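Let me begin by presenting the structure, written as structure tokens, before commenting on it.
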Amino acid sequence: MMHTADTAALPADDGASRLAAAHPPVPRKAPVERRHHGDVFVDNYEWLRAKEDPAVVAHLEAENAYTEAVTGHQQPLREAIFNEIRSRTQETDLSVPMRKDGWWYYNRMQEGKQYAIHCRVQARDTGDLAADWTPPQVDPGTAVPGEQLLLDGNAEAEGMPFFALGGTAVTKDGNLFAYAVDNSGDERFTLRIKDLRSGQLLPDVVENVFYSPAFSPDGSRVFYTVVDQTWRPHQVKCHVLGTSVEADTVIHQEDDPAMWTGFDLSADRRHLVVSISCSEYSETRLLDFADQDSGLRTLIPRAERILYDAEPFLLDGRQMVLLTHNKDAVNSMVSLAALAEFDKPVAEQEWATVVAHDDAVRVNGAGVTASHVVLSVRKDTIERVQAIPLAGLGTGAQAAPAEPGFDEQLFTAGFSGSDYEAPVVRLSYTSFFTPPRVYDYELATGRLWLRKETPVLGGYDRSAYVAGREWATAQDGTRIPLSVLRRAGVRQDGSNPALVYAYGSYEHSMDPWFSTARLSLLDRGVVMVIAHVRGGGEMGRKWYDDGKKLRKKNTFTDFVDATDWLAASGWADPARIAAMGGSAGGLLMGAVANLAPEKYAAILAQVPFVDPLTSILDPELPLSALEWEEWGNPIEDPAVYAYMKSYSPYENIRPVPYPRIAAVTSFNDTRVLYVEPAKWVARLRELGTGSEPVVLKTEMDAGHGGASGRYEAWKDAAWDYAFVLDALCAVKPVNV
């Protein structure tokens with residue numbers, strides 16, 4: 001039996017000779033002084049922010065050329081990983097049909113095609129609930145009698161450098177279909193409306209909209225959001241079909257630069273629900289479709305500093321509101337109140353408890369159907385779904401929550417949709433080694449109906465892999481949960497290559513998820529550790545609070561402590577550990593590169609937020625003001641400024657030998673601008689004293705999520721993993 005110590009690397013002189021022959025671009029220095037709170041920082045590379053400057057484009061193209069020169073020997077490995085991903089994927093496939101009103105909606109994928117094809121077939125109403133709510137049998141590659149094509153993403157993308165959908169909507173009567181398309185990657189969409197009876201597009205076209213349009217219940221209007229110059233959704237607008245777009249009505253405009261605005265329809269479609277929020281408090285306003293002239297009605301004003309979500313619905317003929325909130329409940333709880341209660345001051349309102357606060361359970365959200373409340377909760381790091389009948393809700397007669405049972409220790413179960421009147425709700429389920437499953441959960445009986453498990457081809461055997469929970473101890477004694485993934489035959493002998501991955505911001509949890517691409521890492525003997533560091537949401541709201549603002553450094557030191565656990569565990573060779581993270585996780589990569597460069601053989605930073613202080617100091621930059629609730633406001637608070645300056649990756653680069661580093665970004669990213677990794681890489685090369693290459697790879701026609709299309713996404717994953725595997729000398733599959 002071969003184990004990972006026998007893994008062969010590429011010839012030692014192959015990469016070295018390429019590196020010797022290639023010379024990294026040396027950007028000119030144009031010093032700019034940044035002055036705040038008596039501190040002066042001289043930035044030599046801020047000129048790279050000028051996106052329209054031909055010199056900037058030329059520099060990025062030169063960086064791409066250098067990156068390819070340095071990493072070109074990895075191309076066979078990239079191709080091997082791409083082919084492994086493709087060989088495991090059933091390319092002609094489809095989603096499980098989802099019923100909405102009188103139709104079953106689903107998506108098809110076809111071999112050789114990049115994008116989904118959106119379809120539907122008519123549903124039946126026979127009175128037999130079991131039959132009427134059982135999805136029709138739809139076979140991959142086979143047309144269904146009566147199938148209607150709504151949108152072919154491949155046709156829409158033809159001739160375009162980029163294609164992404166920002167949401168679709170169908171009128172209640174099923175006649176009109178709205179969809180939003182982005183052809184540049186900047187997440188500004190064009191909204192179009194198709195008449196499904198004739199197949200013709202309506203003349204109504206709305207430019208520069210944000211995600212998720214929705215129709216009014218009568219189908220005469222479409223609602224959408226608009227972003228301001230900082231890419232912050234600040235307006236909810238209404239377009240009346242057949243009228244000029246210039247006449248569209250602003251339903252709500254949010255002028256606070258630190259607040260994000262969105263909307264949805266209530267589950268019963270009686271209200272438009274406008275949500276205005278930051279990470280610490282929120283405000284909900286309702287538009288009653290039966291009384292639109294009354295305008296928006298505020299439930300709990302933001303001045304109360306309560307973070308909440310609201311779902312209005314009818315209960316026994318009374319208009320009620322289901323609240324998920326953090327009033328006197330750090331992990332949130334669920335309450336029920338009559339709509340009329342919100343006419344009173346908050347202190348005088350009567351709320352009935354539906355789900356009490358629990359220090360060990362984080363309530364993520366609650367929704368309603370015609371018969372049940374459906375809850376999303378997190379317990380022992382795991383996201384779970386629960387259901388409570390509406391009968392007796394908020395009283396002593398309320399039933400206990402019911403929860404579907406699953407047989408794995410580490411899994412993710414989530415509510416993925418339902419028609420309001422449906423006797424079932426759709427659940428998604430996955431784990432690290434169980435491919436995504438779709439279940440229908442029968443609310444009245446608790447029965448689970450498995451509708452589909454995503455096929456994994458090529459003889460995939462989940463028993464060949466192991467996922468376990470371990471714990472690292474942080475510097476302050478806090479226990480950090482780790483998910484450790486490996487091939488079952490890998491030995492705990494201190495010889496294995498390893499990869500540590502984390503995110504650790506915005507209360508976003510790294511829940512168990514299946515990845516076909518990840519199998520290519522594990523099959524090469526890599527032990528992968530997902531570190532659930534503070535700043536994420538895995539251990540409740542306090543876990544998040546302990547990794548934000550003036551406690552943000554806990555995120556970084558937790559990651560290093562997780563690495564130390566791995567190095568001492570026997571699962572990894574301490575000299576063969578790599579690190580990977582993206583976006584805010586890319587900030588984490590930059591921070592740990594400065595904190596402990598000697599602990600990593602390589603660092604892969606995907607769309608990395610590595611110049612956070614410069615960005616957040618400029619409220620005109622995309623999303624900067626919204627970030628104050630996550631990091632603090634360095635413009636107004638000198639303590640926040642000093643704290644951020646002390647960890648900002650770009651500003652804390654030192655004259656030390658850094659490991660091999662790759663920064664991967666996108667030219668049209670509106671969330672983390674390409675300039676951040678471009679500057680970071682330039683300064684790493686300028687100040688670092690090591691001999692390992694530092695490279696920048698920029699997708700010139702892509703956004704925050706990378707290039708569009710599934711094959712391009714596979715190529716991106718293959719590039720990233722090839723970079724890591726090459727650095728770890730783990731390029732060949734091993735028999736373990």
Side-chain angles (χ1 to χ4, degrees), residues 25-53 55-56 59-60 63 228-232 257-258 505 548-550 552-553 555-556 583-584 586-595 605 607-656 658 661 663 665 667 669-688 694 696 698:
V26 181
R28 63 181 171 86
K29 294 182 179 180
V32 174
E33 289 188 352
R34 189 192 70 202
R35 295 176 176 269
H36 285 274
H37 307 297
D39 176 69
V40 179
F41 174 67
V42 178
D43 191 340
N44 289 321
Y45 303 113
E46 179 63 12
W47 69 272
L48 288 168
R49 191 176 300 278
K51 186 177 182 181
E52 305 303 323
D53 185 345
V56 171
H59 174 72
L60 296 177
E63 288 280 13
D228 63 13
Q229 68 275 11
T230 69
W231 197 79
R232 176 183 66 95
S505 292
K548 65 183 291 194
K549 290 189 174 179
L550 297 180
K552 186 62 199 171
K553 289 182 185 179
T555 304
F556 314 141
S583 196
L587 164 65
L588 171 59
M589 293 301 98
V592 300
N594 291 332
L595 279 174
V607 290
F609 185 42
V610 283
D611 189 19
L613 190 50
T614 300
S615 294
I616 296 174
L617 283 167
D618 186 353
E620 298 303 314
L621 289 178
L623 302 182
S624 288
L626 292 168
E627 299 289 344
W628 295 337
E629 298 301 332
E630 183 72 18
W631 317 96
N633 184 346
I635 299 174
E636 302 293 338
D637 190 335
V640 170
Y641 178 91
Y643 188 76
M644 291 190 69
K645 185 176 174 64
S646 72
Y647 70 69
S648 170
Y650 181 59
E651 296 175 50
N652 287 280
I653 295 170
R654 300 180 286 136
V656 297
Y658 284 92
I661 292 176
T665 188
F667 192 52
D669 193 339
T670 54
R671 302 191 187 209
V672 179
L673 301 184
Y674 72 88
V675 66
E676 297 202 24
K679 291 167 58 176
W680 182 55
V681 164
R683 200 157 192 257
L684 279 168
R685 292 204 198 111
E686 176 190 353
L687 297 179
V694 176
L696 173 68
T698 305

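Side chains included, hydrogens not; waters and symmetry mates left out as well; all remaining heavy atoms used. All values reported here derive from a predicted model rather than from experimental measurement.
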Quiz item: Is Tyr643 reaching over with its side chain to a backbone N or O of Lys553, donor-acceptor style, under 3.5 angstrom?
Solution: yes

Quiz item: What distance do Ser583 atom OG and Leu588 atom CG have between them, rounded to the nearest 0.5 Å?
Solution: 11.5 Å

Quiz prompt | Nearest non-hydrogen partners of Arg232 and Pro257, listed with the distance | solution = CD-O, 3.3 Å

Practice problem: Measure across Leu673 and Pro677 and return the closest heavy-atom pair with its distance rounded to 0.1 Å. | Solution: O-CD, 3.4 Å

Quiz item: Would you say the side chain of Tyr658 lies within less than 4.5 Å of the side chain of Asn594, judging by non-hydrogen atoms?
Solution: yes

Quiz item: How long is the span from the OH atom in Tyr45 to the NE2 atom in His59, to the nearest 0.5 Å?
Solution: 9.0 Å

Exercise. Might you point out which heavy atoms bring Val610 and Pro612 nearest each other, and give the distance in Å?
Key: C-CD, 3.2 Å

Self-check item: salt bridge (Lys or Arg N to Asp or Glu O under 4.0 Å) assessment of Glu46 paired with Arg34
Solution: CA-CA 10 Å; Glu46 179 63 12; Arg34 189 192 70 202; over 6 Å; no

Quiz item: Hey, mind stepping through Ser505 and Phe609 against side-chain contact (heavy atoms from CB on, under 4.5 Å) and telling me if it holds?
Solution: CA-CA 12 Å; Ser505 292; Phe609 185 42; over 6 Å; no

Exercise. Quick one: pull up NZ in Lys679 and CG in Leu684 and give me the separation to the nearest 0.5 Å.
Key: 13.0 Å

Quiz item: Counting N and O atoms only, with roles assigned by atom type, does the side chain of Lys51 sit under 3.5 Å from a partner on the main chain of Val56, one being a donor and the other an acceptor?
Solution: no

Practice problem: Working to the nearest 0.5 Å, report the span between NZ of Lys29 and CD of Glu686. | Solution: 3.5 Å

Quiz item: Is there side-chain contact between Leu48 and Val675, with heavy atoms separated by less than 4.5 Å?
Solution: yes

Quiz item: Using 30° and 60° as the class limits, which term best fits the ring planes of His36 and Tyr641: parallel, tilted or perpendicular?
Solution: tilted

Quiz prompt | Contact check, side chains of Trp628 and Glu636, non-hydrogen atoms, under 4.5 Å | solution = no

Practice problem: Examine distances only and state if a side-chain atom of Tyr674 and a backbone atom of Thr665 form a donor-acceptor pair shorter than 3.5 Å. | Solution: no

Self-check item: Close side-chain approach of Leu587 to Trp631, heavy-atom, < 4.5 Å
Solution: yes

Practice problem: Determine the minimum heavy-atom distance between Glu33 and Val42, stating which atoms define it. | Solution: CG-CG2, 4.2 Å

Practice problem: Using a 4.5 Å cut-off on heavy atoms from C-beta on, say whether the side chain of Asp611 contacts that of Glu651. | Solution: yes

Quiz item: Is Arg683 close enough and on-axis enough to Tyr650, meaning under 6.0 Å and within 45°, for cation-pi?
Solution: yes

Quiz item: In Å, rounded to the nearest 0.5 Å, how long is the span from CG of Leu60 to CG of Leu696?
Solution: 6.5 Å

Quiz item: How about Met644 and Pro634: do any of their side-chain heavy atoms sit closer than 4.5 Å?
Solution: yes

Self-check item: Closest heavy-atom pair and its distance - Ala682, Pro27
Solution: CB-CG, 3.7 Å

Quiz item: Would you call Ile661 and Trp680 a side-chain contact if the rule is heavy atoms closer than 4.5 Å?
Solution: yes

Quiz item: At their closest point, which heavy atom of Gly632 faces which heavy atom of Lys549, and how far apart are they?
Solution: N-CG, 3.8 Å

Quiz item: Any side-chain donor-acceptor pair under 3.5 Å between Lys552 and Thr555?
Solution: yes

Quiz item: If we only count heavy atoms from C-beta on, is the Thr614 to Arg49 side-chain gap below 4.5 Å?
Solution: yes

Exercise. Could you tell me the separation between the CG atom of Leu613 and the CD1 atom of Ile635, rounded to the nearest 0.5 Å?
Key: 9.5 Å

